[in-house]
Amino acid sequence: MLSDNQTLSVSFEHAANALNAVVRPQSLADETYRQLLLQLDMGLWRSTEKLPTEKALAESFGVSRPILREALARLKADGRIESRQGAGAFVADRNKISAFRIADTRATSVAGHTSAQDANSVDIAEREMLELRQIVESGAAELAAARRTPDEVTAIRNAVEAMDRAIAARVDGSDVDDAFHNAIAAATHNAQLAKFVEFLGAQFSASRKVTWDHAGYSVGITELGQVDHHSILNAIESGDATLAKDLSHAHVQRAIDRVNIRLQARNDERKLALNLNEN
């Protein structure tokens, strides 16, 4: 597993620019999201009921499937729907939806421009959420390595292999990424921790989503993250709790570093602008 942040900083900064390059004021995805949310609020589909297929939904809204997936990803992050690997999207059980909310990690825009202050607020919120992920997931990996059963290791390995297949096809593997972390949580044999990971599943999933998009693939973040997943699996399987904890901590730290690079670059730009104005 790589740990040299200087070696990776160029790729991280390129990824950060790619992730921040597109602003979507009043986009088709925004409108599709609002329409789907309205239908959910109106009870068009009951709690735990399966939604229509992506193809059917995309046709009903007159949008492409990538646009629809973006809207569905936002509903998942809101905790309104949940994905089941190989089964599709389902209306979330209303009894599981909590008042606990993670700050929105999408910048607002005016006339197509996002202010530096808005972008900083979004990045800080994302960093805080990643720090929460880091604490929870590294602790879960440590306990899982100490308590896992052969069947639980198999479940973790199955998720890693499913991510391998997603990478080979260069498709979104965020759902099986979720399954990987849920399997680790289950292997802790701590019911409260497993419930907590499920409780925050939508928010954690949203932070993993960027690893699996076009920008993530284009700069190699997706493959790098998968190297981490294999290493964490091996540490858990071998029962090395300390290594499993350290690897999981470093895995999320990479994402935190990317956010810090964006914040630092924006801060440097602000200082440069101030100096130019003073001169």
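In this chain, residues are counted from 1 in sequence order. The structure displayed is predicted, hence computed values, not measured ones.
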Undergrad: Parallel under 30°, tilted from 30 to 60°, perpendicular over 60°: which one fits the rings of His251 and His181?
TA: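 Plane angle under 30°, so parallel.
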Undergrad: Would you kindly confirm whether Leu68 and Phe90 end up in one hydrophobic cluster when ILVMFWY residues are joined by side chain heavy atoms under 4.5 Å apart?
TA: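 No, Leu68 and Phe90 fall in different hydrophobic clusters.
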Undergrad: I need the Met163 CE to Asn158 CG distance, nearest 0.5 Å.
TA: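 It is 11.0 Å, given to the nearest 0.5 Å.
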Undergrad: Could you pull out the closest heavy-atom pair between Ser238 and Arg148, with the gap in Å?
TA: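 Between these two residues, the closest heavy atoms are C-NH2, 3.9 Å.
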Undergrad: Looking at Ala162 and Val176, what are the two nearest heavy atoms and their distance?
TA: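 In terms of heavy atoms, the two residues are closest at CB-CG1, 3.6 Å.
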Undergrad: Does any N or O in the side chain of Arg157 come within less than 3.5 Å of the main-chain N or O of Leu233, such that one atom is a donor and the other an acceptor?
TA: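 No: the side chain of Arg157 does not pair with the backbone of Leu233.
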Undergrad: Do Asn234 side-chain atoms and His230 backbone N/O form a donor-acceptor pair below 3.5 Å?
TA: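 Yes: the side chain of Asn234 pairs with the backbone of His230.
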Undergrad: Where do Pro52 and Leu57 come nearest, in terms of heavy atoms and distance?
TA: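 Pro52 and Leu57 have their closest heavy atoms at O-CD1, 3.6 Å.
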Undergrad: Between Arg69 and Glu54, does a salt bridge (Lys or Arg N to Asp or Glu O under 4.0 Å) hold up when you go through it step by step?
TA: CA-CA 8 Å; Arg69 290 187 189 116; Glu54 284 187 0; 2.8 Å; yes
Undergrad: In plain terms, say whether Lys209 and Asp177 are close enough for a salt bridge, that is, a side-chain N and a carboxylate O under 4.0 Å apart.
TA: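 Looking at Lys209 and Asp177, the cut-off is not met.
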Undergrad: Out of curiosity, Ser138 OG to Asp246 CG, how far, rounded to the nearest 0.5 Å?
TA: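 The OG atom of Ser138 sits 8.5 Å away from the CG atom of Asp246.
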Undergrad: Using a distance-only test with no angle check, is there a side-chain donor-acceptor pair under 3.5 angstrom linking Gln264 and Asp268?
TA: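 Result is yes, a qualifying pair exists.
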Undergrad: Do the charged groups of Arg208 and Asp213 touch, with an N to O distance under 4.0 Å?
TA: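 A salt bridge is absent here (no side-chain N lies under 4.0 Å from a carboxylate O).
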Undergrad: Check whether the side chains of Gln35 and Gln39 place a donor and an acceptor atom closer than 3.5 Å, and report yes or no.
TA: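 There is no such pair (donor and acceptor under 3.5 Å, judged by atom type) between the side chains of Gln35 and Gln39.
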Undergrad: Just by distance, with hydrogens left out, do His189 and Glu152 show a side-chain donor and acceptor under 3.5 Å apart?
TA: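 Yes, a side-chain donor-acceptor pair sits under 3.5 Å.
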Undergrad: Examine distances only and state if a side-chain atom of Gln253 and a backbone atom of Ala250 form a donor-acceptor pair shorter than 3.5 Å.
TA: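 Looks like no, no N/O pair under 3.5 Å.
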Undergrad: Could you tell me whether a side-chain N or O of Glu49 sits under 3.5 Å from a main-chain N or O of Leu44, the two making a donor and an acceptor?
TA: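 A pair under 3.5 Å: no.
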Undergrad: To the closest 0.5 Å, what do you measure between CG (Leu37) and OG1 (Thr32)?
TA: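 So the gap between those two atoms works out to 12.0 Å.
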Undergrad: Looking at CG of Asn120 and CZ of Arg270, how far apart are the two atoms once the value is rounded to the nearest 0.5 Å?
TA: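 Output value for this atom pair is 8.5 Å.
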Undergrad: Distance only, no hydrogens: is a donor on one side chain within 3.5 Å (strictly under) of an acceptor on the other, for His229 and Asp164?
TA: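 Side chains of His229 and Asp164: no pair found under 3.5 Å.
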Undergrad: Show the nearest heavy-atom pair for residues Ser47 and Val91, with the distance to one decimal.
TA: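 Distance-wise, the nearest heavy atoms are CA-CG1, 3.9 Å.
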Undergrad: Minimum heavy-atom separation for Ala71 and Tyr33, please, with both atom names.
TA: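 Minimum heavy-atom contact is CB-N, 3.6 Å.
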Undergrad: For Lys50 and Ala87, indicate whether the former's side chain and the latter's backbone hold a donor-acceptor pair under 3.5 Å.
TA: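 Side chain of Lys50 to backbone of Ala87: a pair is present.
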Undergrad: So how far is it from Ile232 CD1 to Glu137 CD, rounded to the nearest 0.5 Å?
TA: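 Interatomic distance, Ile232 CD1 to Glu137 CD, rounded to 0.5 Å: 8.0 Å.
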Undergrad: I'd like to know whether Ser174 forms a side-chain hydrogen bond (donor to acceptor under 3.5 Å, both in side chains) with Asp172, so could you lay out the CA-CA distance, the side-chain angles of the two residues, the decisive distance to 0.1 Å, and finally the verdict.
TA: CA-CA 6 Å; Ser174 57; Asp172 181 6; 2.8 Å; yes
Undergrad: As an exercise, state the distance from CG of Leu36 to CG of Leu51, rounded to the nearest 0.5 Å.
TA: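 Leu36 atom CG to Leu51 atom CG measures 7.5 Å (nearest 0.5 Å).
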Undergrad: Would you find a donor on one side and an acceptor on the other, under 3.5 Å apart, between the side chain of Arg262 and the backbone of Asp123?
TA: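 Looks like no, no N/O pair under 3.5 Å.
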Undergrad: Under 4.0 Å between a Lys/Arg side-chain N and an Asp/Glu carboxylate O for Glu70 and Arg74?
TA: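 No salt bridge links Glu70 with Arg74.
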Undergrad: Applying salt bridge (Lys or Arg N to Asp or Glu O under 4.0 Å), run through Glu269 and Arg266 and close with a yes or a no.
TA: CA-CA 5 Å; Glu269 289 175 1; Arg266 209 173 288 120; over 6 Å; no
Undergrad: Is there a donor-acceptor pair under 3.5 Å between the side chain of Arg147 and the backbone N or O of Thr188?
TA: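 Yes: the side chain of Arg147 pairs with the backbone of Thr188.
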Undergrad: Would you check if the side chain of Gln134 reaches a backbone N or O of His249 as a donor-acceptor pair within less than 3.5 Å?
TA: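 It does hold such a pair.
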